[in-house]
Amino acid sequence: DQPDSLSRSLRALNGKPCINAGGNVGTACWVFAHAVLGKRNVGILGMDFSYYGETSYQETQYYHELRELLGEERLAEAFIHIENPYLNRRFFTDPAYYWYKTVFLEMAEQAADDGVRTFNCTGGGILFGSGVEFVPFSEFVAATAG
């Protein structure tokens with residue numbers, strides 16, 4: 001965010017976003033696909049940034065940290081439950097995954113302005129919104145083949 005940051009200076013030199021942008025491996029791969037390889041249609045698999053509704057809080061990635069921070073009695077307050085309108089199914093997420101989703105959507109919108117189409121082919125989760133088309137993998141392949 002700082003106008004004089006090293007990251008901003010490097011981006012100005014090469015025109016490419018920082019590979020760690022977005023904070024996770026999946027987002028870094030997405031950045032690599034469009035910014036380095038020049039792909040205009042990028043399909044992603046396995047990036048749901050959430051858990052299925054039947055998953056127990058104890059099975060989530062940040063359970064121990066959240067329990068330590070909030071206590072067992074307030075643990076549920078940390079999780080955000082979201083309805084996926086494409087699947088009519090509820091998923092839940094934690095603050096870190098929700099942040100990843102928010103940042104990814106911002107990046108996808110910016111990439112869309114540059115002509116990059118992002119297709120979430122994961123088939124679940126909360127990664128949907130402006131700049132991301134939520135489609136089955138077979139539909140992505142059919143739409144982008146050739």
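Taking each heavy atom of L127 and V132 in turn, the nearest pair found is O-CG1, 3.9 Å. Pairing each heavy atom of G131 with each of A108, the nearest pair is O-CB, 3.7 Å. D4 and S9 get closest at one heavy-atom pair: O-OG, 4.5 Å. The two residues E109 and S130 come nearest to each other via the heavy atoms OE2-OG, 3.2 Å. In terms of heavy atoms, D94 sits closest to F79 at CB-CE2, 3.8 Å. Across Q58 and E72, no two heavy atoms sit closer than the pair NE2-OE2, 3.9 Å.
For R67 and E77, the salt-bridge test fails: no basic side-chain N is under 4.0 Å from an acidic carboxylate O. A salt bridge links R117 with E133: the distance from a Lys NZ or Arg NE/NH1/NH2 to an Asp or Glu carboxylate oxygen falls below 4.0 Å.
Heavy-atom neighbours of Y98 OH from other residues, nucleotides or ligands within 6.0 Å: at or below the threshold of 12. A 6.0 Å sphere centred on CD of E68 holds no more than 12 heavy atoms belonging to other residues, nucleotides or ligands.
Judged by distance alone, the side chain of T122 and the main-chain N or O of M47 form a donor-acceptor pair under 3.5 Å. At distances below 3.5 Å, not a single donor-acceptor pair connects side-chain atoms of E139 with backbone N or O atoms of P136. S50 places no side-chain N or O within donor-acceptor distance of the main-chain N or O of T93, the cut-off being under 3.5 Å. Judged by distance alone, the side chain of D114 and the main-chain N or O of V116 form no donor-acceptor pair under 3.5 Å. Side chain of N84 to backbone of R89: no donor-acceptor contact under 3.5 angstrom is found.
Taking CZ from F49 and CD1 from I82, the interatomic distance works out to 12.0 Å, rounded to the nearest 0.5 Å. Atom CG in L66 sits 11.5 Å away from atom CZ in R74 (nearest 0.5 Å). Rounding to the nearest 0.5 Å places OG1 of T144 at 10.5 Å from NZ of K39.
No side-chain donor from either of Y51 and Q61 sits under 3.5 Å from a side-chain acceptor of the other.
At a threshold of 4.5 Å between non-hydrogen side-chain atoms, the residues Y97 and I126 do not count as touching.
In this structure, W30 and F104 have tilted ring planes: the angle between them lies in the 30° to 60° band.
Hydrophobic clustering places L105 together with L87 (ILVMFWY residues linked when any side-chain heavy atoms are closer than 4.5 Å, directly or through intermediates). Following chains of ILVMFWY side-chain contacts shorter than 4.5 Å, one can reach Y62 starting from Y52, so the two form part of one hydrophobic cluster. Linking ILVMFWY side-chain heavy atoms closer than 4.5 Å, directly or via other members, places V135 and L45 in a single hydrophobic cluster.
Under the 6.0 Å cut-off for aromatic ring centres, Y57 and Y63 do not qualify, their centroids lying 6.0 Å or more apart.
Under the 6.0 Å distance and 45° angle rule, K101 counts as a cation-pi partner of F128.
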